[in-house]
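Please see the structure below; I have some questions.
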Amino acid sequence: MAETIRVLVTGAAGQIAYSLLYSIAKGDVFGKDQPLALILLDIPPMLPVLEGVVMELQDCALPLLKEVIPTDKEEVAFKDLDAAILVGSMPRKEGMERKDLLKANVAIFKSQGAALDKYAKKTVKVLVVGNPANTNCLIAAKSAPSIPKENFSCLTRLDHNRARSQVAMRCGIPADNVKNVIIWGNHSSTQYPDVHHCTVNVQGKDVAAFDMVKDDDWLKGDFISTVQQRGAAVIKARKLSSAMSAAKAICDHMRDIWTGTPEGEFISMGVYSSGNLYGVPDDLIYSFPVTIKDKTWKIVDGLAINDFSRAKMDATAAELVEERDTAISFLGV
């Protein structure tokens with residue numbers, strides 16, 4: 001059997017983690033023959049709840065789960081990690097300005113980045129989920145200078161899956177018959193869900209999404225706004241944020257990092273922008289279409305970008321530049 005890997009989940013007493021931990025522990029993410037130790041980090045007031053989560057994981061009697069370590073200490077949580085899933089963040093409270101939210105999260109992700117730098121393996125793969133995910137990810141990466149920036153990514157797979165599902169429902173086909181949707185930019189309402197390169201498999205043949213849907217107004221209008229606003233729609237209906245679907249997207253994202261993307265398919269994730277060919281400013285965590293092989297992502301180059309797409313890609317980049325500059329002003333660097 002393979003050597004045990006160490007996987008950290010932060011915000012581990014929260015509702016996303018509650019939907020996530022079973023899938024990881026049972027082998028859906030890192031492999032059916034990959035033993036693992038789960039390290040669960042949360043803030044001190046949540047430790048009693050975390051004990052309950054630990055009991056439940058024990059009671060699942062899962063053969064791959066070798067150890068569960070609940071903690072509120074970074075030096076314990078970040079030690080010798082192979083993978084870190086940073087779900088915990090400061091949620092936006094009513095009446096809170098966006099910059100106040102950024103300030104609180106900069107403190108969290110600066111500290112966690114420094115802990116990664118000090119205690120984790122240099123090969124650790126870090127996925128940031130806690131919002132504002134792109135900028136939190138950038139701050140963590142900047143605070144861990146000895147770990148390659150390519151090892152950090154943020155979650156836009158939930159948006160990707162939402163876009164894929166919307167197209168599938170519109171065409172009356174299973175979601176896995178839809179491939180190569182793209183989420184560009186920020187995991188916020190400025191994100192750009194793009195189906196110009198998306199194909200839909202009908203009766204064994206790949207057809208361009210625009211040709212299959214035959215409704216350009218919907219694809220350039222309500223489809224985009226539905227995906228952009230889906231998180232808010234779930235909160236309005238459930239009175240809680242997306243948890244099951246977020247956990248599924250985290251599993252998809254990490255599994256693809258670990259085992260690679262299928263031939264001929266690309267997925268969306270927020271990665272470090274450095275000299276890309278799409279005119280996206282450097283030094284951002286921006287969602288691009290990527291392929292993954294040997295645990296290394298590569299931006300898909302050479303996709304044609306029309307004026308409609310260009311404007312939307314630029315708008316979400318502008319928001320990220322502003323977020324980054326505000327966040328860095330709080331960093332003291």
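Please read all numbers here as calculations on a predicted model, not as lab measurements.
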Review point. Within a reach of under 6.0 Å around OH of Tyr22, are more than 12 heavy atoms found that belong to other residues, nucleotides or ligands?
Key: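 Not more than 12 within 6.0 Å, no.
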**Study point:** Within residues 222-233 or reaching into it, pairs that qualify as side-chain hydrogen bond (donor to acceptor under 3.5 Å, both in side chains) - sequence neighbours excluded
**Key:**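 Passing the test, one end in residues 222-233: no pairs.
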Check your understanding: Taking atom CD of Glu322 and atom CG of Leu102, what is their separation to the nearest 0.5 Å?
Key ->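 Those atoms lie 9.5 Å apart.
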Review point. Would you call Ile182 and Pro193 a side-chain contact if the rule is heavy atoms closer than 4.5 Å?
Key: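 Result no, sub-4.5 Å side-chain heavy-atom pair not found.
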Review point. Is the number of heavy atoms from other residues, nucleotides or ligands within 6.0 Å of NZ (Lys122) greater than 12?
Key: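 More than 12 within 6.0 Å, yes.
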Review point. Between Ile108 and Met90, which heavy-atom pair has the shortest distance, and what is it?
Key: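 Answer, listing the atom of Ile108 first, then Met90: CD1-N, 3.7 Å.
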Exercise for review: Determine yes or no for a side-chain-to-main-chain donor-acceptor pair under 3.5 angstrom, with Thr4 supplying the side chain and Ala37 the backbone.
Suggested key: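 Between the backbone of Ala37 and the side chain of Thr4 there is no qualifying donor-acceptor contact (under 3.5 Å).
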Review point. What distance do Leu41 atom CG and Met46 atom CE have between them, rounded to the nearest 0.5 Å?
Key: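 CE of Met46 is found 12.0 Å from CG of Leu41.
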Check your understanding: Do Arg92 and Asp100 meet the salt-bridge criterion of a basic N to acidic O distance under 4.0 Å?
Key ->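 The answer is no: the pair does not qualify as a salt bridge.
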Practice item. May I have all residue pairs that pass side-chain hydrogen bond (donor to acceptor under 3.5 Å, both in side chains) and include part of residues 62-80, sequence neighbours excluded? Key: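 Those involving residues 62-80 are Glu74-Ser111.
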Review point. Salt-bridged, Asp82 to Lys125, with N to O below 4.0 Å?
Key: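 So Asp82 does not pair with Lys125 through a salt bridge.
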Point to revise | Side chain His197, main chain Ala304, donor-acceptor under 3.5 Å | key: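 Yes, His197 side chain to Ala304 backbone: donor-acceptor pair under 3.5 Å.
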Practice item. Any side-chain hydrogen bond (donor to acceptor under 3.5 Å, both in side chains) involving residues 26-47? Give me the pairs, sequence neighbours left out, ordered by first then second residue. Key: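 Output for this query lists Lys26-Asp28, Asp28-Lys32.
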Exercise for review: Please answer whether the main-chain N or O of His196 pairs with a side-chain N or O of Asp194 as donor and acceptor at a distance below 3.5 Å.
Suggested key: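 Checked: pair present.
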Check your understanding: Leu138: which other cluster members, linking ILVMFWY side chains closer than 4.5 Å, directly or transitively?
Key ->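 ILVMFWY cluster around Leu138 also holds Tyr272, Ile285.
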Exercise for review: Give a yes-or-no answer on whether the side chains of Gln112 and Thr10 include a donor-acceptor pair shorter than 3.5 Å.
Suggested key: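 Their side chains do not contain a donor-acceptor pair, so the 3.5 Å distance test is not met.
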Check your understanding: Excluding sequence neighbours, so at least two apart, what forms salt bridge (Lys or Arg N to Asp or Glu O under 4.0 Å) with Asp256?
Key ->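 In terms of salt bridge (Lys or Arg N to Asp or Glu O under 4.0 Å), with neighbours along the sequence ignored, Asp256 is linked to Arg157.
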Exercise for review: Could you tell me whether Met169 atom CE has more than 12 heavy atoms of other residues or ligands within 6.0 Å of it?
Suggested key: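 Yes, the 6.0 Å shell around CE holds more than 12 heavy atoms from other groups.
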**Study point:** Donor-acceptor contact present, side-chain Asn186 to main-chain Ala317, <3.5 Å
**Key:**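 Such a contact is absent between Asn186 side chain and Ala317 backbone.
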Point to revise | Check: Asn180/Thr199 side-chain N/O donor and acceptor closer than 3.5 Å | key: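 Per modelled atom types, Asn180 and Thr199 side chains form no pair under 3.5 Å.
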Point to revise | Apart from Leu277 itself, residues in the same hydrophobic cluster as defined by side-chain heavy atoms under 4.5 Å | key: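 Traced through the cluster, Leu277 reaches no other member.
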Practice item. For the residue pair Ser153 and Val128, establish whether any side-chain heavy-atom pair is separated by less than 4.5 Å. Key: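 When only atoms from C-beta onward are counted, Val128 and Ser153 do not touch, as no gap falls below 4.5 Å.
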Review point. Does Thr296 reach the side chain of Glu150, with side-chain heavy atoms less than 4.5 Å apart?
Key: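 No, side chains not in contact.
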Point to revise | For Lys298, side-chain contact (heavy atoms from CB on, under 4.5 Å) partners two or more places apart | key: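 Thr291.
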Check your understanding: Would you say Thr261's side chain and Ile292's backbone share a donor-acceptor pair under 3.5 angstrom?
Key ->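 Side chain of Thr261 to backbone of Ile292, a donor-acceptor pair under 3.5 Å: yes, one is there.
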**Study point:** Any pair counted as ring-ring contact (aromatic ring centres under 6.0 Å, His included), so long as it reaches residues 276-309, sequence neighbours left out
**Key:**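 Matches after skipping sequence neighbours: Trp184-Tyr278, Tyr286-Phe288.
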Exercise for review: State whether the number of non-hydrogen atoms from other residues, nucleotides or ligands found under 6.0 Å of Asp325 atom CG is greater than 12.
Suggested key: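 More than 12 heavy atoms, drawn from other residues, nucleotides or ligands, come within 6.0 Å of this atom.
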Practice item. List in chain and number order the residues that pass salt bridge (Lys or Arg N to Asp or Glu O under 4.0 Å) with Arg162, two or more places apart in sequence or in another chain; answer none if no residue qualifies. Key: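 Checked Arg162 against salt bridge (Lys or Arg N to Asp or Glu O under 4.0 Å); matches are Asp159.
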Check your understanding: Quick check: does any side chain N or O of Arg324 sit under 3.5 Å from a backbone N or O of Leu284, one acting as donor and the other as acceptor?
Key ->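 No, because the side chain of Arg324 does not come within donor-acceptor range (under 3.5 Å) of the backbone of Leu284.
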Check your understanding: Which residues pass the side-chain contact (heavy atoms from CB on, under 4.5 Å) test with Leu64, sequence neighbours left out?
Key ->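 Testing Leu64 for side-chain contact (heavy atoms from CB on, under 4.5 Å), a comparison that skips the adjacent residues, returns Met1.
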Review point. Hey, are the side chains of Ser242 and Leu158 touching, using non-hydrogen atoms and a 4.5 Å cut-off?
Key: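 The answer is yes, as the side chains (C-beta and beyond) meet within the 4.5 Å cut-off.
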Exercise for review: Please collect all side-chain hydrogen bond (donor to acceptor under 3.5 Å, both in side chains) contacts where either partner lies in residues 203-212, sequence neighbours excluded, each pair once.
Suggested key: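 Non-adjacent pairs meeting side-chain hydrogen bond (donor to acceptor under 3.5 Å, both in side chains): Asn201-Asp206.
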Review point. Under the 3.5 angstrom rule, does the side chain of Asn105 hit a backbone N or O of Leu101 as a donor-acceptor pair?
Key: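 Yes; at least one donor-acceptor contact below 3.5 Å.
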Review point. Name the one of Asp59, Leu21, Val68 that satisfies side chain to side chain contact (heavy atoms under 4.5 Å, CB included) with Val54?
Key: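 That would be Val68.
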Exercise for review: Side-chain contact test, heavy atoms from C-beta onward, threshold under 4.5 Å: evaluate it for Val129 versus Leu127 and give yes or no.
Suggested key: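 Yes, side chains in contact.
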Review point. Backbone N or O of Asn131 within a donor-acceptor pair of the Asn136 side chain at under 3.5 Å?
Key: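 Side chain of Asn136 to backbone of Asn131, a donor-acceptor pair under 3.5 Å: yes, one is there.
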Review point. Does Arg255 come within less than 4.0 Å of Asp252, counting only side-chain N to carboxylate O?
Key: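 Asp252 and Arg255: salt-bridged.
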Check your understanding: Should we say atom CD of Glu265 is surrounded by more than 12 heavy atoms from elsewhere, each under 6.0 Å from it?
Key ->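 Yes, the 6.0 Å shell around CD holds more than 12 heavy atoms from other groups.
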Exercise for review: State, to 0.1 Å, how close Ala144 and Asp117 come at their nearest heavy-atom pair, and which atoms those are.
Suggested key: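 Heavy atoms only, the tightest pair is C-OD1, 3.1 Å.
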Point to revise | Min side-chain heavy-atom separation Val290-Val300 under 4.5 Å | key: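 Sidechains of Val300 and Val290: no contact.
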**Study point:** Nearest non-hydrogen partners of Cys137 and Phe152, listed with the distance
**Key:**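 Nearest pair, atom of Cys137 first, then Phe152: SG-CB, 3.8 Å.
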Practice item. Quick one: closest heavy-atom pair of Ala12 and Ala17, and the distance? Key: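 Closest approach of Ala12 to Ala17, heavy atoms only: O-CB, 3.5 Å.
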**Study point:** Test item: side-chain donor near acceptor, Ser287 and His187, under 3.5 Å
**Key:**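 No, because no side-chain N or O of Ser287 sits under 3.5 Å from a partner of the opposite role on His187.
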Check your understanding: If you round to the nearest 0.5 Å, how far is CE of Met269 from CE of Met254?
Key ->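 Met254 CE to Met269 CE: 9.0 Å, rounded to 0.5 Å.
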Check your understanding: Side chains of Glu56 and Val53: does their closest heavy-atom pair fall under 4.5 Å?
Key ->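 Side-chain contact under 4.5 Å: no.
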Review point. Just wondering, more than 12 heavy atoms not from Lys103 lying within 6.0 Å of its NZ?
Key: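 No, the 6.0 Å shell around NZ holds no more than 12 heavy atoms from other groups.
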Review point. Where do Gly270 and Thr156 come nearest, in terms of heavy atoms and distance?
Key: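 Closest approach of Gly270 to Thr156, heavy atoms only: N-OG1, 3.7 Å.
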Review point. Can you tell if the side chain of Ile16 reaches within under 4.5 Å of the side chain of Ile250, non-hydrogen atoms only?
Key: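 SC-SC contact between Ile16 and Ile250 confirmed.
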Exercise for review: Report the distance from atom CG of Leu155 to atom OG of Ser268, rounding to the nearest 0.5 Å.
Suggested key: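 Nearest 0.5 Å value for the CG-OG distance: 10.5 Å.
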Exercise for review: Taking Lys179 for its side chain and Asp176 for its backbone only, find out whether a donor-acceptor pair lies under 3.5 Å.
Suggested key: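 No; judged by distance alone, with no hydrogens or angles, the pair does not exist.
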Point to revise | Contacts of Trp258 that satisfy ring pair (Phe, Tyr, Trp, His ring centres under 6.0 Å) - sequence neighbours left out | key: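 For Trp258 the ring pair (Phe, Tyr, Trp, His ring centres under 6.0 Å) partners, ignoring immediate neighbours, are Phe30.
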